[in-house]
Amino acid sequence: MSNANALENAPVKLYRHPKSGHCHRVELMLALLAIPYQTVDLDMAHGAHRAPDYLAISPLGQVPAIEDNGLTLADSNAILIYLAERYGDPATWIGSDPVEKAGVQRWLSIAAGEIASGPCAARLVSVFGAPLDHQAAKAKAHALLAVMDAHLEGREWLAADRPTLADIAGYSYVAHAPEGGVSLAAYPQVRAWLSRIEALPRFIGMARSPALA
């Protein structure tokens with residue numbers, strides 16, 4: 001479905017926490033594709049994500065989730081694929097051949113794995129007071145950033161010669177890693193990649209917290 005078709009429907013409803021990188025990656029994709037949307041901020045500190053009406057939308061009680069003209073869907077990476085397939089050009093965002101598609105999937109897995117347990121977890125400790133091992137999370141973050149920096153040597157994007165879902169899924173927590181005490185100073189290729197994403201038309205950022213590094 002084209003962006004013009006999207007304009008004919010009700011806005012996509014995005015259930016989110018404004019400082020969640022998982023939510024931001026979905027909001028960023030909505031913005032890049034110029035999909036009309038409205039945000040619903042959940043008071044997660046008081047259990048809004050565990051309310052029965054929200055569990056009917058997101059059975060695991062996680063954010064983000066979306067409602068799109070009768071469809072409900074949770075899980076940020078699943079939502080990215082849905083948005084690219086329904087409102088974007090799948091060949092551009094997901095891949096035009098088996099190699100590109102595999103590369104995008106690899107980075108979606110990294111977003112759910114190493115990024116979640118590294119820069120995301122470190123930020124959960126410092127921003128939200130999560131009872132996680134901060135030093136272990138920071139060590140994982142630096143290990144990942146070293147791999148990303150080497151991977152980006154001589155290339156502009158993670159999985160193809162253009163932005164894909166790999167870049168959208170990876171951006172938010174890497175860009176906000178300093179809020180978790182993870183400095184990006186030693187990773188020039190990563191910083192240049194972040195700048196390229198931030199220069200994309202219709203880019204929107206996530207609310208920032210004080211940097212610790």
Side-chain angles (χ1 to χ4, degrees), residues 14-29 31-32 39 41-49 60-64 75-77 79-80 106-153 155-159 163-200 203-213:
L14 171 62
Y15 296 89
R16 67 167 194 171
H17 187 290
K19 289 192 174 183
S20 162
H22 287 78
C23 297
H24 177 256
R25 65 178 62 144
V26 171
E27 188 165 3
L28 177 56
M29 192 66 185
L32 293 177
T39 58
D41 291 347
L42 295 183
D43 186 358
M44 299 179 71
H46 291 90
H49 59 306
L60 295 178
Q62 298 172 341
V63 290
D75 182 86
S76 61
N77 287 347
I79 296 170
L80 290 183
R106 176 187 178 225
W107 286 100
L108 291 178
S109 296
I110 289 171
E114 287 82 356
I115 288 178
S117 63
C120 171
R123 184 173 170 273
L124 282 173
V125 175
S126 59
V127 175
F128 298 102
L132 303 172
D133 187 330
H134 198 199
Q135 294 306 313
K138 290 196 293 183
K140 289 181 180 180
H142 282 295
L144 170 65
L145 289 166
V147 170
M148 291 184 71
D149 208 66
H151 176 76
L152 286 163
E153 184 74 41
R155 69 176 75 202
E156 293 189 345
W157 308 102
L158 290 176
T164 66
L165 295 189
D167 305 286
I168 306 309
Y171 170 81
S172 305
Y173 286 118
V174 173
H176 289 256
E179 298 172 10
V182 178
S183 174
L184 300 177
Y187 311 108
Q189 304 303 327
V190 170
R191 288 186 279 110
W193 166 72
L194 294 174
S195 294
R196 285 189 287 273
I197 295 174
E198 290 160 4
L200 292 173
F203 170 86
I204 57 168
M206 180 169 70
R208 291 199 173 270
S209 298
L212 301 182

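Any value given below was found using the heavy atoms of this structure, including those in side chains, with hydrogens, waters and symmetry copies removed.
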Answer yes or no: is there a side-chain heavy-atom contact under 4.5 Å between Phe128 and His17? yes
So, the side chain of Tyr173 versus the backbone of Gly21: is there a donor-acceptor pair under 3.5 Å, distance only? yes
When rounded to the nearest 0.5 Å, the distance separating CG of Asn77 from CG of Leu165 is 8.5 Å
Who passes salt bridge (Lys or Arg N to Asp or Glu O under 4.0 Å) against Arg208, sequence neighbours left out? Glu179
Any side-chain heavy-atom pair of His176 and Ser209 under 4.5 Å: no
How are the rings of His151 and Trp107 set to each other: parallel, tilted or perpendicular (split at 30° and 60°)? tilted
Strictly distance-based, threshold 3.5 Å: is any side-chain N or O of Arg25 a donor or acceptor partner for the main-chain N or O of Ser76? no
Separation between CG of Leu145 and CZ of Arg191, rounded to the nearest 0.5 Å: 11.0 Å
Please check if the side chain of Thr39 supplies one atom and the backbone of Asp41 the other of a donor-acceptor pair under 3.5 Å. no
dist Ser20:OG -> Leu124:CG (nearest 0.5 Å) comes out at 8.5 Å
Exercise: identify the closest heavy-atom pair between Val182 and Ala122: CG2-CB, 4.1 Å
Within the side chain of Asp43, is there an N or O that forms a donor-acceptor pair under 3.5 Å with the backbone of Ala48? no
What is the minimum heavy-atom distance between Trp193 and Glu156, and which atoms define it? CD1-O, 3.5 Å
Distance (rounded to the nearest 0.5 Å) between Leu194 CG and Ser172 OG: 10.0 Å
Over 60° means perpendicular and under 30° means parallel, so tell me whether His24 and Phe203 are parallel, tilted or perpendicular. perpendicular
